[in-house]
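Order of the sequence lines sets the chain letters (A, B, ...), proteins ahead of strands, with each chain counted from 1.
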Number of protein chains: 2
Amino acid sequence: MIEKILTTPSLPTVRRLPTYLRLLKELQDEKQHYVSSTYIAERFQLEPIQVRKDLAAMGIVGQPRLGFAVTELTCAIMQFLGWNNASEAFLIGAGNLGSALAGYSGFADYGLNIVAAFDVDKSKIGTRIHDIKVFPLQKLPDLALRLHVHIGILTLPAAAAQTTTDMLVQAGITAIWNFTPVKLMAPKGVIVEKVDLAASLAVLSRSVKEKLPLKIAQGA
Amino acid sequence: MIEKILTTPSLPTVRRLPTYLRLLKELQDEKQHYVSSTYIAERFQLEPIQVRKDLAAMGIVGQPRLGFAVTELTCAIMQFLGWNNASEAFLIGAGNLGSALAGYSGFADYGLNIVAAFDVDKSKIGTRIHDIKVFPLQKLPDLALRLHVHIGILTLPAAAAQTTTDMLVQAGITAIWNFTPVKLMAPKGVIVEKVDLAASLAVLSRSVKEKLPLKIAQGA
DNA sequence: AAGTTATCGATAATTATTTATCGATAACTT
DNA sequence: AAGTTATCGATAAATAATTATCGATAACTT
Ligand SMILES: NC(=O)c1ccc[n+]([C@@H]2O[C@H](COP(=O)([O-])OP(=O)(O)OC[C@H]3O[C@@H](n4cnc5c(N)ncnc54)[C@H](O)[C@@H]3O)[C@@H](O)[C@H]2O)c1
Ligand SMILES: NC(=O)c1ccc[n+]([C@@H]2O[C@H](COP(=O)([O-])OP(=O)(O)OC[C@H]3O[C@@H](n4cnc5c(N)ncnc54)[C@H](O)[C@@H]3O)[C@@H](O)[C@H]2O)c1
């Protein structure tokens with residue numbers, strides 16, 4: 001009997017995974033079959049031991065002197081993140097940012113597929129942004145049910161963020177990717193992940209002001 | 001003689017500051033003069049002690065039973081981040097995401113002012129995106145020098161990210177807000193802050209996957 | 001005026017995350 | 001075939017960040 005007591009990876013670990021994935025794709029294109037933690041670390045200015053810990057958290061094992069099998073590693077991370085089979089998502093707010101996201105082809109790599117957009121602006125309803133149809137917001141609950149969509153991407157004005165969130169939750173949305181600067185309140189069981197531009201800019205501003213080089217922020 | 005031995009705030013602390021700032025603005029509008037760490041914590045689902053530590057790192061003191069003076073606190077954070085006097089920035093890559101950022105009015109609150117955009121696409125050069133003029137990329141060094149701009153916002157294709165970064169550094173850009181998924185290499189002294197959508201999505205995806213106990217890691 | 005209490009700040013404890021150490025392994029070299 | 005070495009994984013140590021404790025303060029209540 002095999003017991004898989006994988007330690008649940010820490011949040012910082014999860015955040016680093018897509019970076020690894022990107023490199024792995026590159027290596028695959030170059031027909032590299034193995035990659036060492038040393039090499040990965042060098043590419044991203046991390047410590048080899050940290051990379052190894054991250055990968056170990058995924059349950060994969062490396063080979064001494066060779067490193068990790070590229071395809072195996074890729075699969076493991078993809079599977080871990082659930083990026084191998086795409087999730088469908090709704091975009092709520094078809095404005096500037098919403099349009100940019102709608103047109104972003106990169107999400108295909110991230111297992112995300114925006115299937116419909118919603119707005120309250122009559123001039124936008126019925127149009128398409130980058131081939132994604134814009135529906136009136138009221139249609140969302142019905143469509144969520146029929147299409148079995150459980151992910152919402154929030155790109156609407158801050159003022160409307162919380163009330164719309166409440167509505168989304170009511171409509172069965174259980175995961176929200178929040179691009180607004182609002183701290184959303186949602187019931188337990190509903191996942192909210194915020195893309196906090198202000199926080200990121202704060203780090204930049206602070207570094208600029210202090211003229212001290214960025215401390216080990218994750219990624220650069 | 002007063003010695004200010006302020007502990008340099010940790011990165012997580014800096015990241016939380018804009019959130020506080022947002023609430024403070026709200027309180028100011030409501031003519032609230034004081035706010036307690038308890039209240040702030042409640043609003044953002046943090047611990048009061050953490051809020052107090054964050055604020056203490058800024059060198060401000062609270063009043064027992066009352067809390068912190070709203071305006072004083074606001075000023076302290078604004079000053080700390082350098083958001084009281086706007087920094088001018090260049091936008092490099094006037095595509096989907098670049099346009100969204102160019103049209104974002106919220107940056108005014110963050111002390112950021114996009115003064116020009118740059119692109120290599122001839123059909124974009126000479127046009128304006130949300131009132132910001134688009135210049136040919138080659139013009140950047142000259143304009144950076146003349147306008148004393150030191151911040152660059154990278155919203156161009158991943159493939160061009162590193163070479164363009166090298167050019168920016170050459171042109172005197174010392175701070176880069178990187179929206180591409182590339183880990184940029186830059187000389188010491190150049191600050192790079194990455195907005196990592198993939199990392200954010202990874203966290204969301206992971207949470208979603210973990211919540212669905214359909215198949216629990218049955219083999220690889 | 002005296003007692004109560006919400007909140008603060010300093011210090012300590014705990015938890016999370018990163019980094020170091022080191023023996024084991026197996027590919028590579030000679 | 002034997003020795004060398006890059007790399008792994010397990011365990012331990014160090015560092016970073018969060019959370020708890022508690023006496024001090026001063027606004028509020030009675
Ligand atoms: N544009 C950026 O670069 C940027 C950067 C950081 C954060 N944000 C945040 O993203 C959000 C959107 O920004 P934007 O620049 O795209 O704004 P925008 O005004 O261009 O777009 C907002 C869209 O939401 C729609 N909308 C309004 N109320 C709605 C509702 N109740 N339901 C559905 N749709 C509704 C509007 O009609 C509009 O189309 C804002 O919260 C903003 O703070 C934007
Ligand atoms: N659109 C999104 O929602 C989104 C999300 C996450 C990350 N990103 C990243 O942001 C970047 C831009 O994405 P986008 O969707 O806006 O792409 P886009 O293709 O719409 O825009 C890119 C722009 O950069 C210009 N460009 C190309 N090479 C250039 C160069 N060397 N110098 C200056 N400009 C150049 C192009 O002409 C184009 O106008 C990409 O790296 C992408 O991965 C975008």
Side-chain angles (χ1 to χ4, degrees), chain A residues 2-17 19-20 23 27 32-70 72-73 76 199 202-203 206 212 214-220, chain B residues 2-17 19-20 23 27 32-70 72-73 76 199 202-203 206:
Chain A
I2 301 165
E3 292 208 32
K4 271 199 178 181
I5 310 189
L6 298 181
T7 45
T8 282
S10 70
L11 223 50
T13 292
V14 174
R15 280 194 248 268
R16 282 187 293 267
L17 295 178
T19 315
Y20 300 155
L23 173 60
L27 293 170
Q32 296 283 344
H33 293 157
Y34 283 88
V35 63
S36 70
S37 62
T38 319
Y39 179 77
I40 298 177
E42 214 163 75
R43 286 288 300 262
F44 300 123
Q45 291 163 235
L46 300 171
E47 295 298 322
I49 177 64
Q50 182 169 63
V51 174
R52 250 178 290 146
K53 273 211 130 189
D54 286 345
L55 303 186
M58 217 116 315
I60 48 165
V61 294
Q63 227 173 304
R65 186 76 201 231
L66 273 183
F68 300 84
V70 171
E72 189 192 342
L73 193 42
V203 174
R206 175 62 187 158
L212 46 83
L214 195 61
K215 258 178 115 182
I216 14 101
Q218 58 251 53
Chain B
I2 302 163
E3 290 206 35
K4 271 198 178 180
I5 311 189
L6 298 180
T7 44
T8 281
S10 70
L11 226 47
T13 293
V14 174
R15 280 195 246 267
R16 283 187 292 267
L17 295 178
T19 315
Y20 299 156
L23 173 60
L27 293 171
Q32 296 283 345
H33 294 157
Y34 283 88
V35 63
S36 70
S37 63
T38 319
Y39 180 76
I40 299 178
E42 214 163 75
R43 286 289 299 263
F44 300 122
Q45 290 162 236
L46 302 170
E47 295 297 322
I49 177 64
Q50 181 168 65
V51 174
R52 251 178 290 146
K53 274 210 131 192
D54 287 345
L55 303 186
M58 219 117 314
I60 47 164
V61 294
Q63 227 173 303
R65 187 76 203 232
L66 271 182
F68 300 84
V70 171
E72 190 192 343
L73 193 42
V203 174
R206 176 59 188 158

Query raised in the report: Between Leu66(B) and Tyr34(B), what is the shortest heavy-atom contact and its length?
Result: O-CB, 3.7 Å
Report summary line: Correct closest heavy-atom pair for Leu73(A) and Val35(A) would be CD2-CG1, 4.3 Å
Report summary line: Of the listed dA27(D), dT18(D), dA20(C), the closest approach to the Ile49(A) side chain comes from dA20(C)
Requested in this report: Select base, sugar-phosphate, or nothing to describe what Thr38(A) touches, counting heavy atoms under 4.0 Å on all strands.
Outcome: sugar-phosphate
Query raised in the report: Whole Å only: how far is the CD atom of Glu42(A) from the C1' atom of dT7(D)?
Result: 14 Å
Report summary line: Rounded to whole Å, CD of Gln45(A) lies from C1' of dT19(C) at a distance of 17 Å
**Report entry** Gap between atoms CD and C1', on Gln63(B) and dA26(D) respectively (whole Å)
**Finding:** 8 Å
Requested in this report: State which of dT18(C), dG9(D), dA27(C) makes the closest approach to the side chain of Arg52(A).
Outcome: dG9(D)
Query raised in the report: Do Arg65(A) side-chain and dT5(D) base share a donor-acceptor contact under 3.5 Å?
Result: yes
Query raised in the report: Closest nucleotide of DNA chain C for Tyr39(B) versus for Pro64(A): which of these residues is on the 5' side?
Result: Tyr39(B)
**Report entry** Under 4.0 angstrom between Gln50(A) side-chain N/O and dT18(C) OP1 or OP2
**Finding:** yes
Query raised in the report: When you check the phosphate oxygens OP1 and OP2 of dA16(C), does a side-chain N or O of Ser10(A) lie under 4.0 Å from one of them?
Result: no
Requested in this report: State the dot-bracket string of DNA chain D. Criteria: Watson-Crick or G-U wobble, both atom distances under 3.5 angstrom; notation: ( ) intrastrand, [ ] crossing earlier pairs, | interstrand, . unpaired.
Outcome: ||||||||||||||||||||||||||||||
**Report entry** Rounded distance [0.5 Å steps], CG in Leu46(A) versus NZ in Lys53(A)
**Finding:** 14.5 Å
**Report entry** Over all atoms of both residues, closest heavy-atom pair of Ser37(B) and Pro48(B)
**Finding:** CB-O, 3.6 Å
**Report entry** Exercise: identify the closest heavy-atom pair between Ala76(B) and Met58(B)
**Finding:** O-CG, 4.0 Å
Query raised in the report: Between dA26(C) atom P and Tyr34(A) atom OH, what is the distance in whole Å?
Result: 12 Å
Query - From CG (Leu23(A)) to CD (Gln32(A)), nearest 0.5 Å - result: 10.0 Å
Query raised in the report: What is the distance, rounded to the nearest whole Å, between atom CG of Leu73(A) and atom C1' of dC8(D)?
Result: 14 Å
Query - Non-hydrogen side-chain atoms of Ile40(B) and Phe68(B) separated by less than 4.5 Å - result: no
Query raised in the report: What is the distance, rounded to the nearest whole Å, between atom CG of Asp54(B) and atom P of dG9(C)?
Result: 13 Å
**Report entry** Of the listed nucleotides dC8(C), dT18(C), dA17(D), the one nearest the side chain of Phe68(B)
**Finding:** dC8(C)
Query raised in the report: What distance do Thr38(B) atom OG1 and Ile49(B) atom CD1 have between them, rounded to the nearest 0.5 Å?
Result: 10.5 Å
Requested in this report: Give a yes/no on whether any side-chain N or O of Ser37(A) is located under 4.0 angstrom from OP1 or OP2 of dC8(D).
Outcome: yes
**Report entry** Interatomic distance where CE belongs to Met58(A) and P belongs to dG9(D) [whole Å]
**Finding:** 13 Å
Query raised in the report: Just how far, in rounded Å, is C1' of dT21(C) from NZ of Lys53(A)?
Result: 13 Å
Query raised in the report: Out of dA20(D), dT18(D), dT18(C), which has the shortest distance to the side chain of Glu47(B)?
Result: dA20(D)
**Report entry** Pro12(B) side-chain proximity, nearest of dT18(C), dT7(D), dA17(D)
**Finding:** dA17(D)
Query - Shortest side-chain distance from Arg16(B), nucleotide among dT18(D), dG9(C), dT11(D) - result: dT18(D)
